[in-house]
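Note that the structure is a prediction, hence the values are computed from the model and not measured. What you see below is based on every heavy atom in this structure, not just the backbone, and it leaves out hydrogens, waters and symmetry mates.
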Amino acid sequence: MKKKIAVLTSGWSADYLISILQGMKKGCESKNADLYVFTSYKSFETSGKANTTGFAIFDLLNPKDYDGIVLMSNLFNDQERADLEYKKIIESGVPAISINQHLDNLHYVGSDNFEVFKELVSHLIEEHDINDFAFIGGPTGNEGADSNLKAFKEALQEHNIPFPSKNVYLDGDWSYNFGYEAAQKIFSNNKKPPKAIVCVNDWAAMAAIKVAFEHNFNVPNDIKIIGFDEIPYTTKVIPSITSVNIQSEKMGEEAINVLLEKNKNKVTKIIRAIPHYRQSCGCQKEISKEQIQFSQSYSQKIDGSQRFTSQLRHIEDVFIRNGTVDKLEEALQAYFELRNHFEGQDFAVMIKEEVIKSLSNSDYSYASSTSYGKKMQILIDIEKGKPIKLEGKNKLIPTQKLIPDSMIDSKSSMFLFIPIFNQKYLHGYYVSKNELSLLSDKIAYNWSRNFGASIEKFRQTVNYRLMSERLKILSTTDALTGILNRTGFDTIARDLFNKNNAGNKKTFIMFIDINNMKYINDKHGHLHGDLAIKTVAESIKSVIPKNFLAIRYGGDEFVVIGPKATNNKNDYMTKIKEDLKLRTKIMSLPYELSASMGAKTFLPNEKSELLQAIEEVDEIMYKNKTQFHKENKL
């Protein structure tokens, strides 16, 4: 039986994460193990409030189902959730390892960030005679970010250089945007900018280089800039970036080896990081062929971004154009057969069962929930680029199963899980097999949020249809009583009768006629006549089941139609009679309000037309009415 390793991480540091996962995949393949990667994103809404709905993806993980767990909590950017997942892992007793963050009772693999970062700063001081610095850091409390800041401080201290507190910007989120904003402050707040900017990662370094050029400073002649992590772009951009290769792929592979070796004692492995001195600090001069090729391929990157934007718009269009879940499913399958550039050749979209119900029935009550529930429905299933057609109950799988049968085989595989949500509504998740392309350039976040928003737009489409149906109901509703009028009888009631016949189902029909209606109008006036009609209608509605139809058939005549009655037909008539007696007493009516009734349950196709059935029930009612007048002469 294949072993299973789970990974809990965030997708924001995409290049670093992809490299580590590639190493983990390599390690799993060598030991015929499967890798389950649960990836989430903490984000902020336009209101500024943090959105942690996506963290629900971690709830899919039952630690005891796995042979080992990799916790990358330093990427979460949410200490509360990181502590929660750490606690769950410890309580499970399952072997676990942390990457680049030391945690009690967990194995550890990481790079020697402190020493190599200190070496990088010392290089600027010793080789380039720099003594005037700025620093762009990461999130405070993050082990890696804190380590780099400490290394920066020690390198300055050892060379008797004051710490530049006014030019230090912390609490970054590893993003290009934070680096850009911090660099703008560095150049705007200083008449003469510092001679070097030390950045917590390469994204911040690239942002700082851009800002330097915007302020007409040359890198590296006027200012030197260094980064960290060695993402793929470091050697391709102009100038190439002085950075550190922390050998993340090797770290990932080593993490798997430690877990599957079943070490009883806590293991710590340090991977030697490698500094590379390039053009951004002035150590390289010539522009490489790789840089030229990359600059020439920039139009391809723009085209890729435009294609992704187009793909999101097309997915949204599929949702809007298809009004039922069945049609939507079919349309999405067909679409992704033609266009799966970003999603991969083997992937599935799993939607919560209760969400599917709410999309199928707009009256289904669906509250916002961050629980995945017990069952998931396979909305999209693509295998080797081709859709898998599923029917009925085969679309539903227990949530704990996680992946559809189409993804299961004997080979070592990597499964990537990304939550699908919109604001506080958790809809489901995307899962791919041996595919990480959705993580590239952080597009997974936009893809999942857009898919979640499309689900909500589909729900709106369903609601618009409901509004149309309700307008139809208004046109078929009797103004006095609030029940169906003759138009409703001709459309809704007739349709129900015909459907019952077509579906080989029985139909229950009851005819009701108010007694002494002429006397009430003549003796007490038409306002009392209207009151009598409204009161009988209310009585009927209070007695019949919710799936029955009540119709004002004529002035003081009513028809009830529904599926086979759950009670004896006489029970409904008896209850209406008793209810009218009670209402007469409570309302202190100056007359005894009653009605004559007739009822019958018709076999399928016993009557081909509804009017024929009505006539038969009317005759039954008329006999009862005749008897009533014999016994109750005014």
Side-chain angles (χ1 to χ4, degrees), residues 12-13 16 44 74-75 77 79 100-101 111-215 217 219-220 222-231 234 241-244 246 273 275 277 280-282:
W12 285 124
S13 299
Y16 166 68
F44 291 87
N74 60 328
L75 298 184
N77 291 338
Q79 193 59 47
N100 268 333
Q101 184 172 19
S111 63
D112 54 344
N113 290 8
F114 179 84
E115 293 300 330
V116 73
F117 200 79
K118 185 176 174 182
E119 181 181 332
L120 216 62
V121 178
S122 297
H123 169 81
L124 290 176
I125 298 169
E126 297 168 5
E127 300 297 326
H128 297 285
D129 198 27
I130 303 295
N131 60 10
D132 184 14
F133 287 90
F135 183 85
I136 299 176
T140 302
N142 178 280
E143 186 172 317
D146 290 348
S147 172
N148 287 356
L149 177 60
K150 183 180 179 183
F152 174 66
K153 286 181 176 179
E154 282 201 15
L156 297 184
Q157 187 176 9
E158 288 178 6
H159 292 84
N160 298 314
I161 297 173
F163 182 71
S165 55
K166 290 184 179 179
N167 276 327
V168 172
Y169 296 89
L170 304 178
D171 293 322
D173 57 3
W174 313 106
S175 71
Y176 180 94
N177 289 340
F178 177 82
Y180 186 86
E181 291 171 2
Q184 284 287 9
K185 292 174 183 177
I186 291 170
F187 282 92
S188 299
N189 295 342
N190 295 276
K191 291 182 180 180
K192 191 176 181 181
K195 291 295 182 181
I197 301 177
V198 176
C199 301
V200 73
N201 66 0
D202 294 331
W203 286 107
M206 287 193 290
I209 289 171
K210 185 175 188 300
V211 173
F213 282 117
E214 289 174 353
H215 286 260
F217 289 96
V219 178
D222 298 324
I223 186 168
K224 303 183 188 305
I225 296 174
I226 62 173
F228 196 83
D229 284 345
E230 190 140 292
I231 63 175
T234 54
I241 299 172
T242 294
S243 187
V244 174
I246 61 174
Y277 304 104
S280 70
C281 75

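Residues that satisfy the side chain to side chain contact (heavy atoms under 4.5 Å, CB included) test with Ser188, not counting sequence neighbours, are Gln184, His215. Every residue was checked against the ring pair (Phe, Tyr, Trp, His ring centres under 6.0 Å) condition with Trp174, not counting sequence neighbours, and none meets it. Scanning for ring pair (Phe, Tyr, Trp, His ring centres under 6.0 Å) contacts around Phe217 gives Phe187, with sequence neighbours left out. Listed by chain and number, the residues in a salt bridge (charged side-chain N to carboxylate O under 4.0 Å, His left out) with Glu214 are Lys210 (sequence neighbours excluded). For Glu115, there are no salt bridge (charged side-chain N to carboxylate O under 4.0 Å, His left out) partners, not counting sequence neighbours. Residues passing the side chain to side chain contact (heavy atoms under 4.5 Å, CB included) test with Ala207, sequence neighbours excluded: Tyr176, Tyr180. For Glu158, the salt bridge (charged side-chain N to carboxylate O under 4.0 Å, His left out) partners are Lys118, not counting sequence neighbours. Scored by the side-chain hydrogen bond (donor to acceptor under 3.5 Å, both in side chains) test, Ser122 finds no partners at all (sequence neighbours excluded). Asn131 pairs by the side chain to side chain contact (heavy atoms under 4.5 Å, CB included) definition with Ile161, not counting sequence neighbours. Taking the salt bridge (charged side-chain N to carboxylate O under 4.0 Å, His left out) definition, one finds that Asp146 meets it with nothing, sequence neighbours left out. Partners of Asp222 under the side-chain hydrogen bond (donor to acceptor under 3.5 Å, both in side chains) rule, at least two apart in sequence or in another chain, do not exist in this structure.
Ser243 and Asp202 share a donor-acceptor pair across their side chains, judged by distance under 3.5 Å alone.
In terms of heavy atoms, Leu75 sits closest to Ser13 at CD2-OG, 3.8 Å. Here the shortest heavy-atom pairing between Ala205 and Gly227 reads CB-CA, 3.8 Å. Here the closest non-hydrogen pair linking Asn201 and Ala204 is OD1-N, 3.0 Å. Of all heavy-atom pairs between Asp112 and Ala273, the closest is OD1-N, 2.8 Å. Contact between Ala208 and Ile197 at its shortest, heavy atoms only, is CB-CD1, 4.3 Å. The minimum heavy-atom distance between Tyr169 and Asn189, with the atom names listed, is OH-ND2, 3.4 Å.
At a threshold of 4.5 Å between non-hydrogen side-chain atoms, the residues Phe163 and Phe152 count as touching. At a threshold of 4.5 Å between non-hydrogen side-chain atoms, the residues Ile246 and Asn100 count as touching. A heavy-atom distance below 4.5 Å is not found between the side chains of Asp229 and Trp203. Under the 4.5 Å side-chain criterion, counting only non-hydrogen atoms from C-beta, Tyr277 is not in contact with Glu127.
Residue pairs meeting the salt bridge (Lys or Arg N to Asp or Glu O under 4.0 Å) criterion with at least one partner in residues 167-193, sequence neighbours excluded, are absent.
Tested against Val198, the residues Leu124, Leu120, Ile136 include a single side chain to side chain contact (heavy atoms under 4.5 Å, CB included) partner, Leu124. The only option from Val121, Leu170, Leu156 that meets the side chain to side chain contact (heavy atoms under 4.5 Å, CB included) definition with Phe135 turns out to be Leu170.
The CD1 atom of Ile209 sits 8.0 Å away from atom SG of Cys199, with the distance rounded to the nearest 0.5 Å. Atoms CD1 and CD1, on Ile231 and Ile241 in that order, are 6.5 Å from each other to the nearest 0.5 Å. Lys153 NZ to Lys150 NZ: the interatomic distance, rounded to the nearest 0.5 Å, is 10.0 Å. Taking CZ of Phe117 as the reference point, atom CG of Leu149 lies at 8.5 Å (rounded to 0.5 Å). The distance from the CG atom of Asn142 to the CG atom of Asn74 is 5.0 Å, given to the nearest 0.5 Å. Taken from CD1 in Ile226 to CD1 in Ile130, the straight-line distance is 10.5 Å, to the nearest 0.5 Å.
His128 places a side-chain N or O within donor-acceptor distance of the main-chain N or O of Cys281, the cut-off being under 3.5 Å.
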